[in-house]
Amino acid sequence: MAKLVLFISLHVLFVPLVYSFGAPHLCRSYCGNITIDYPFALQPGCGHSGFRDLLFCINDVLMFHISSGSYRVLNIDYAYRSITLHDPHLSTCDSIVLGGRGNGFVVEHWRAPYLNPSADNVFMLLGCSTQSPLFQGFPAGNHVPCRNVSGMGCEEYYGCQGWMDLGLARMGLAYGTGPPICCALPFDSIKSVNLSKLECQGYSSAYTLAPLRVSGPSEWTYGIRVKYNVEASNDSFCKACEATDGSCGHDVGRFGQLCMCGSWNSTSNCDTIMKLSVGGVMSTMDEISGSLIAMIGFWLMSFRM
């Protein structure tokens, strides 16, 4: 009887112990030289649900996909919570790309709370028609929404070599009675850079790296710098999860928060004390491992009884 009680006690002790082992960095991955970590992920169920199906690694090139198109990821800055993107059809100072080939920047409505171009990112819309929503009321109302953003704007951009290569000198770009060929705006003023809906032929995007100030458009940093945001409650949940050697993830069906603990998932963290209240499912291997440890312990203890 005493031996039976001993075996049951060891079984109860060791099986949950194996079951409770966490899985730190289970969701961390790499694509080329870029680290993908929370809230982003490449594996289903990892990361924050607001960033699901967003990043894809193709031949060691990290791609960012939203409703407006695909962009190459140049950098993810976890300290400043920003991600830098490149659109191959984005106009720069050396090359003006028209013909409506650029992606612009449009995110899905459900993803919008999590992703927005940074406040110091200027979008310059090029070759927009007089019927563009940008110029409603112009010239009768004499109102054009265009303005400089963080010291960057069209007046300087008109001096770029790309315009000259198109046969458009600075003087030929000035507008009189019609709307400008270039209109600089912050993203917040339009909420969506949809070239088709705005009836524009192209666009450029540049951002500043404060406190660095450059002398002209040939030295601007071209690309789209996007700020990402995660709710404070998610941050707290993730910190508690990682503190217990778990990895932050989400339920792929209901999109709720999950702490991934190896062979089981928790709605709080990977602490052993919490395991019975989180609805985790113990794997067969965990049960076998725990049972084997219990049997060995029972066998060793039997010699002393």
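Throughout, numbering of the chain's residues begins at 1 and tracks the sequence.
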[Y] side chain reached by [X] side chain, heavy atoms, under 4.5 Å:
X: His48; Y: His250; result: no
X: Leu62; Y: Arg72; result: no
X: Arg28; Y: Ile36; result: no
X: Ile83; Y: Asp77; result: no

State whether the side chain of [X] and the backbone N or O of [Y] hold a donor-acceptor pair below 3.5 Å, judged by distance alone.
X: Glu108; Y: Ser67; answer: yes
X: Asp251; Y: Gly253; answer: yes
X: Ser91; Y: Val97; answer: yes

Task: disulfide (SG to SG under 2.5 Å) evaluation trace for Cys241 with Cys259 - done: CA-CA 6 Å; Cys241 174; Cys259 184; 2.1 Å; yes

TODO: State plainly whether the residues Arg81 and Asp235 are in salt-bridge range, i.e. N to O under 4.0 Å.
DONE: yes

Heavy-atom pair with the smallest gap, counting every atom of [X] and [Y]:
X: Ile34; Y: Asn75; result: CD1-N, 4.4 Å
X: Ser70; Y: Met63; result: CB-CE, 4.1 Å
X: Ala184; Y: Cys154; result: N-SG, 3.4 Å
X: Met124; Y: Cys182; result: CB-SG, 3.9 Å
X: Met260; Y: Cys270; result: O-SG, 4.1 Å
X: Met164; Y: Gly159; result: CE-O, 4.1 Å

Between [X] and [Y], do the side chains contain an N or O donor and an N or O acceptor separated by less than 3.5 Å?
X: Asn121; Y: Ser205; answer: yes
X: Glu199; Y: Ser129; answer: yes
X: Asp37; Y: Thr35; answer: no
X: Tyr203; Y: Asn103; answer: no

- [ ] In sequence, state the C-alpha distance, the side-chain angles, and the governing distance for Thr92 and Asp94, and then conclude on side chain to side chain donor-acceptor pair (under 3.5 Å).
- [x] CA-CA 5 Å; Thr92 63; Asp94 295 326; 5.1 Å; no

Task: Same apolar cluster: Tyr114 and Leu258, side chain cutoff 4.5 Å - done: no

- [ ] Treat each ILVMFWY residue as a node, draw an edge where side-chain heavy atoms are under 4.5 Å apart, and state whether Val73 and Val106 are in one component.
- [x] no

TODO: Show the numbers, then the answer: is there a side chain to side chain contact (heavy atoms under 4.5 Å, CB included) between Leu134 and Ile190?
DONE: CA-CA 9 Å; Leu134 291 172; Ile190 48 177; 4.0 Å; yes

Task: Greater than 12 external heavy atoms within 6.0 Å of Arg111's CZ - done: yes

Task: Residue pairs fulfilling ring-ring contact (aromatic ring centres under 6.0 Å, His included) with at least one residue in residues 58-107, sequence neighbours excluded - done: Phe105-Phe187

Task: Cys248 and Cys238 SG atoms less than 2.5 angstrom apart - done: yes

Task: Distance flag, aromatic centroids of Phe51 and Phe40, threshold under 6.0 Å - done: yes

TODO: Return the orientation label for the Trp220 and Tyr222 ring planes: parallel under 30°, perpendicular over 60°, tilted otherwise.
DONE: tilted

- [ ] Apply side chain to side chain contact (heavy atoms under 4.5 Å, CB included) to Leu126 and Tyr157, showing your working.
- [x] CA-CA 11 Å; Leu126 310 176; Tyr157 192 58; 4.1 Å; yes

TODO: Assess Arg52 against Trp110: is NZ or CZ under 6.0 Å from the centre of the six-membered ring, and within 45 degrees of the ring's axis?
DONE: yes

Open item on the list: Quick check for you: to the nearest 0.5 Å, what is the distance between Thr221 atom OG1 and Tyr207 atom OH?
Closed with: 5.0 Å

